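Report on the structure given below.
Just so it is clear, the structure is predicted and the values come from calculations on it, not from any experiment.
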Amino acid sequence: MKKIFLILILIIFSCNPVYSKNFNEDIESYYSKNSGTVASIYGLNRCAAVLVYISSKLFNEPGQKDNALKYVTLSNVASEYAAKLHSKNSNVSYNKALISMEKRMMQLDKLYRDDAKQNFLKEGKYISSIILSDIDYCTQVVVGLINSEK
């Protein structure tokens, strides 16, 4: 019995899960299970964070400054939308909401950076499948928000 238990423990610790250390699921999966204003605020904050994270990686790559700036812009749009929702939902001024959302975005950005470091140590690359999924999904969401305002 002890041998079976030990084998199960080893299997669990040797598995390389798809999910990251700090996030249980990608944003698209989160949205499929959660709805409402609070879920939208959280998702937009995560989008702002992952988009600013990828922009910081691109700024370090030769010839990627324009792409990095595009992701910074998308991140700003996500933060602004989150602030608008937070302002209405919590009945606070837009400026207070924006400050709050920017703080939250920075906390989430740190979590993405931590995950990227862990993934680099395990896999030799910074962009894990969950980060890549979030970047793709968030880019589509924020571009959709921008296009809906035109």
Is Met101 reachable from Tyr31 through a run of I, L, V, M, F, W or Y residues, each pair having side-chain heavy atoms under 4.5 Å apart? yes
Any pair counted as ring-ring contact (aromatic ring centres under 6.0 Å, His included), so long as it reaches residues 93-115, sequence neighbours left out: Phe23-Tyr112
Quick one: do Leu111 and Ile131 end up in the same hydrophobic cluster if we chain Ile, Leu, Val, Met, Phe, Trp and Tyr together by side-chain heavy atoms under 4.5 Å apart? yes
How many angstroms lie between atom CG of Asn45 and atom NZ of Lys103, to the nearest 0.5 angstrom? 13.0 Å
Specify the closest pair of heavy atoms between Val52 and Ser55, including all atoms of both residues, with the distance to one decimal. O-OG, 2.7 Å
I need the minimum non-hydrogen distance between Ala97 and Ala83, along with the two atoms involved. CB-O, 3.3 Å
Pairing of Arg113 and Asp109 as salt bridge, 4.0 angstrom limit: yes
When every non-hydrogen atom of Ala48 is compared with those of Met105, the smallest separation belongs to CB-CG, 3.4 Å
Begin from the C-alpha positions of Leu44 and Leu145 and carry the test side chain to side chain contact (heavy atoms under 4.5 Å, CB included) through to its verdict. CA-CA 11 Å; Leu44 286 167; Leu145 289 172; 3.9 Å; yes
Cluster question for you: counting only ILVMFWY and a side-chain heavy-atom cut-off of under 4.5 Å, with indirect links fine, are Val72 and Ile135 together? no
With rounding to the nearest 0.5 Å, note down the distance linking CG in Asn119 to OG in Ser129. 7.5 Å
Between the CD atom in Gln140 and the CD atom in Glu28, the distance rounded to the nearest 0.5 Å is 7.5 Å
Please identify which of these residues, Lys110, Lys117, Gln118, meets the side chain to side chain donor-acceptor pair (under 3.5 Å) condition with Asp114. Lys110
Answer yes or no: are there more than 12 heavy-atom neighbours, outside Asn91 itself, under 6.0 Å from its atom CG? no
Interatomic distance, NZ@Lys57 vs CD1@Ile127, rounded to 0.5 Å, equals 7.0 Å
Main chain of Ile130, side chain of Ser133: is a donor-acceptor contact present, judged purely on distance under 3.5 Å? no
Say whether Leu85 and Leu98 are linked into one hydrophobic cluster, either directly or through other cluster members, by side-chain heavy-atom distances under 4.5 angstrom. no
How are the rings of Phe120 and Tyr126 set relative to one another: parallel (under 30°), tilted (30 to 60°) or perpendicular (over 60°)? parallel
Any chance NZ of Lys70 has more than 12 other-residue heavy atoms, nucleotides or ligands included, within less than 6.0 Å? no
Does anything in residues 38-81 form a ring-ring contact (aromatic ring centres under 6.0 Å, His included)? List the pairs, not counting sequence neighbours. Tyr30-Tyr42
Taking every heavy atom of Ile27 against every heavy atom of Asp134, the minimum-distance pair comes out as N-OD1, 2.8 Å
Could you check whether any side-chain heavy atom of Ile146 comes within less than 4.5 Å of a side-chain heavy atom of Leu74, counting everything from C-beta outward? yes
Side-chain donor or acceptor of Ser79 paired with backbone N/O of Asn76 under 3.5 Å: no
Can you tell me how far the CD1 atom of Ile41 sits from the OG1 atom of Thr37, to the nearest 0.5 Å? 6.0 Å
How far apart are the closest heavy atoms of Lys84 and Glu149, and which atoms are they? NZ-OE2, 3.9 Å
Count I, L, V, M, F, W, Y as connected when their side-chain heavy atoms are under 4.5 Å apart, and connections chain through other members. Are Leu108 and Ile99 then in the same cluster? no
